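Scroll down for the structure; my scribbles are underneath it.
Sequence lines set the chain letters: A, B, ... in the order given, protein chains first and strands last, and positions in each chain run from 1. Note that the structure is predicted; figures quoted are calculated from it, not measured.
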Amino acid sequence: MRNVVAIAKKELNIYFTTPIAYAMFAVMTLLLSYVFAGYLNAFSKLSLEANVNPQIAEYLNATDMIVYPLVVFGGVFVVFIVPFLSMRLIAEEKRQKTFELLMTSPLRPVEIVLGKYLGGVAIMGVAVLIALLFPAILQLFAGSAGTGGSGGIEWRTTLLGFFGLFLWSSAAMAIGMFVSSLTSSQAVSAIVSLLVLLLMWLASWGAMATDGALSEVMNWLSAQRHLHGFARGVFDLKDLAYYLSWIVLGLFLTHRAIEAHRWA
Amino acid sequence: MKLKYAGRILGVLGLVILASSTITFIIGAPLSLVVGKVILAGFFFATYAITNWGDLGASASSRGTFFFGVSALGALLVVGLLGMGNYIVHHKPKSWDLTKAQIHTLSPDTLKTLDGLKQEVTVLAFFGSGEPSYEALSDLFRRYGERSPHFKYEFVDPIRDPMRVEQYGIRDGGPRVVVKLGATESRFQELSEESLTNAIVKVTHSATKKLYFTTGHGEADFEDQGPGGLSGVVQRMSNEGLVPAKLNLAAAAQIPKDAEAIVVAGPVKPFQPGESDVVRRYLEAGGKAFLMLEPSVESGLELLLEDFNVQAEDATVIDPVSRLFGASEAIPVVQSYNQASEITRDFTLNTVFPTARPLTVLHGGASKAVASPLALTMPSAWGETDLTAPEVKQDEHERGGPFPLVVTVTLDTKDAANKRSDEARLVVAGDRDFATNKFRTAFGNEDFFLNGLNWLAAQTERITIRPRLREASRLFLSPVQQAGIFFLTVDILPVTLLGLGLVVWMVRRSK
């Protein structure tokens, strides 16, 4: 376990002492802020409209109309950013020829895999925490700015949504790490991971185009569908099992890929 | 050597084709195309294997291949176990609704209804997956399905499956969800938990109910498949568990005991006093009736109706605006309904009543019956009393619209002797043509008629489920606040993070 933590720390150290993490955070907040500001504007416009049209007032809710789309957009962002964070996890070691060093060290492959993975997940954890600033800002203003009802947003739903976002980034990181373990080229790793994650995200399109059992399978495959559940405020074992499965599978395959070097 | 090289190129091409076939699959191309690509990839792999047989053989015997085999087996095992785990949670679902108002939890009434299901109920929803209501509806169905193994549902894309749209007679603007149990069905339009649960209650409770159609006065016949017959609506009626039967009042001293309601489909010869008395006694004991009257016909029921606070005027409705809808001016179009009535709640379709008779709701008589208008003509309509005049126009003494074309009446019969129910219900329409084969498919005519019959034949009270919504919240931001939020999120936050990165980078570089 100590070894795992040591490797994770080393990975985090690399992320935070190079501009890569900050650049990612900056791009993320910039994109999210545009989405956030857009939905916020729309919501406050609707709030005004509700004065003349009380029928819509009943359906207005900041959690549904601002936080929900924010979480879903965060899911899209994961698809595009995780490949660039995961690409170097193992491929970089291979390119710099430090991989052999790692393999001859007293570290077990399991420790290498877990350590590197934890480092990658931690950085996404920080990203999700930063993204949580948006609902916090909303709460700050919504709480004071004369809201009907309780004021502000529903924190349980919001936190569950962001937890779902974290699970999705963890699953994406596990898949990205596996792809990274297959190649020594970071570019190839990033592109292939991006393709895989994109397919996972868009599998629900396939569900729309098919019907019957096939459509059900595609819906199950779709990372998007499972994130919707969390974002709506429902904690469903199915959604949890989906993301955990990808994490376990990604870690197992990475482990086998690293072991393979001993045998090749 | 050259052959070997070509084989390798084919092998790589095979890999690319195999990978791209997943995309082909996801974008929803025909399955044959996907299978074709996979077969082509297989062919390329085979070519590769044959041309490079020597190399393959050498690596197959190495330790690496043994390891690869073990890993592949292990991976299969892990995938199998994970698949099993996912399958189990899919079929034994468990979820927790963490929202404050429990908006994703079914109401106790719905749960009780679902738990009581003994036979399979199938729901057909005529919605394409791109429509805005699709997501919410499929989520609702999913929750019902998770509760009861007898609840099955299917989405039918109206664009991809026009055959079934035709088969079920689904129309734009009409109800698009059909709940079926065996041959019985119920439809609803407003997409809500309340409608769905009530539809299930209806199909499970509707032991077939009998509706008696009076005969002997030239009424429209439900066996007549011609334009003036009622065979079309009766077909839909039977689907909803309402069975038609004939009743000759001249031969019957009273309405049969098993009558859920009677239908008088526009008599052209008057009811004899004895016959109308049978109807009166039936209604006063809590009976239900749908009465349709035609203009310029004495039905013999006028006195009876007046006792129930409805007066049928001797005139024909003329509405010039109907021409805008492509109809003749003697076919008034109705757009205004009583939203408080169960029959027309959420009913938004137009209806047409060819050659109709204006009705009046009476007040202040001795009768305790409560009459209220159900469908009103447009303001442009009037009741023409002289159709023989060379020019049809509204004369001074002729009544102008809007006036009722259909009226509902209820009468409390809790204290009646030999009562059939606690409340008599009556639907009076100043027209019979709207339900006939010729006009039933016009606009919402058929749905309107069936809603009326369903109201009469309703045994169970409708379950009311208040939709659960999140607590409503509103947000009024001053321009200053708005600018503040924008500044904070779009400007400060990303720039700070970017600055932090730059600083770290420069500090590291200078070391």
Side-chain angles (χ1 to χ4, degrees), chain A residues 17-19 22-23 25-26 29-30 33-34 36-37 40 43-44 47-48 50 57-64 133-134 137 141-142 145-152 154 156-157 160 199 202-203 205-206 208-210 232-238 241-242 245 248-249 252-253 256 260 263-264, chain B residues 22-23 25-29 63-64 66-68 71 74-75 78-79 82-83 85-86 89-90 93-100 103-104 129-130 135 139 155 157 469-478 481-482 484-486 488-490 493-502 504-505 508:
Chain A
T17 49
T18 54
Y22 303 100
F25 293 151
T29 45
L30 191 68
S33 64
Y34 270 104
F36 176 72
L40 190 70
F43 185 73
S44 45
S47 296
L48 280 179
E58 203 181 341
Y59 295 92
L60 280 184
N61 181 278
T63 315
D64 277 344
L133 283 177
F134 289 101
I137 291 171
F141 282 89
T147 56
S150 63
E154 257 188 68
R156 268 199 305 194
T157 306
L160 189 67
L199 283 181
L202 297 181
W205 288 11
M208 286 181 198
T210 51
R232 283 186 301 118
V234 182
F235 183 70
D236 195 321
L237 277 189
K238 268 184 302 202
Y242 171 83
S245 299
V248 170
L249 188 67
F252 173 81
L253 291 177
R256 298 319 289 172
W263 292 79
Chain B
T22 55
I23 299 174
F25 178 67
I26 281 184
I27 60 168
R63 282 191 329 146
F66 172 71
F67 171 82
F68 183 76
S71 291
V78 170
V79 168
L82 291 177
N86 275 288
V89 288
H90 225 81
K94 183 93 193 100
S95 63
W96 293 266
D97 186 353
L98 296 187
T99 56
K100 201 165 162 196
I103 55 170
H104 302 297
S129 48
E135 193 93 6
D139 182 57
F155 277 95
D157 190 332
L469 298 168
R470 283 193 205 277
E471 229 168 80
S473 57
R474 282 198 245 167
L475 188 56
F476 301 109
L477 295 175
S478 64
Q481 280 174 320
Q482 211 149 351
I485 290 187
F486 207 70
L488 203 62
T489 55
V490 181
L493 206 56
V495 169
T496 310
L497 288 164
L498 203 65
L500 220 63
L502 275 174
V504 169
W505 182 59
R508 298 274 301 174

**OP:** May I ask you to name which of B:G74, B:G501, B:G83, B:P494 has the most heavy-atom pairs under 4.5 Å with chain A?
**Re:** B:P494
**OP:** With sequence neighbours excluded, tell me which residues meet side-chain hydrogen bond (donor to acceptor under 3.5 Å, both in side chains) with A:S245.
**Re:** B:N86
Original post:
Do the charged groups of A:R232 and B:D139 touch, with an N to O distance under 4.0 Å?
Top reply: yes
**OP:** Classify the ring geometry between B:W96 and A:F235 as parallel (under 30°), tilted (30 to 60°) or perpendicular (over 60°).
**Re:** tilted
Original post:
So which of A:L40, A:L202, A:T63, A:L253 has the biggest tally of heavy-atom pairs under 4.5 Å with chain B?
Top reply: A:L40
**OP:** Locate the shortest heavy-atom distance separating A:S33 from B:T489; write the atom from each residue and the value.
**Re:** CB-O, 3.2 Å
Original post:
chain A heavy atoms under 4.5 Å from B:L488: which part of the residue, side chain, backbone, both or neither?
Top reply: side chain
Original post:
Side chains of B:W505 and A:T18: does their closest heavy-atom pair fall under 4.5 Å?
Top reply: no
**OP:** Measure across B:V89 and A:K238 and return the closest heavy-atom pair with its distance rounded to 0.1 Å.
**Re:** O-CG, 3.4 Å
**OP:** Select one option (side chain, backbone, both, neither) describing which atoms of B:D157 are under 4.5 Å from chain A's heavy atoms.
**Re:** neither
Original post:
Got A:L249 and B:L82 here, is their nearest side-chain heavy-atom distance under 4.5 Å?
Top reply: yes
Subject >> Listed partners of A:T157 passing side-chain hydrogen bond (donor to acceptor under 3.5 Å, both in side chains), at least two apart >> reply: A:E154, B:R470
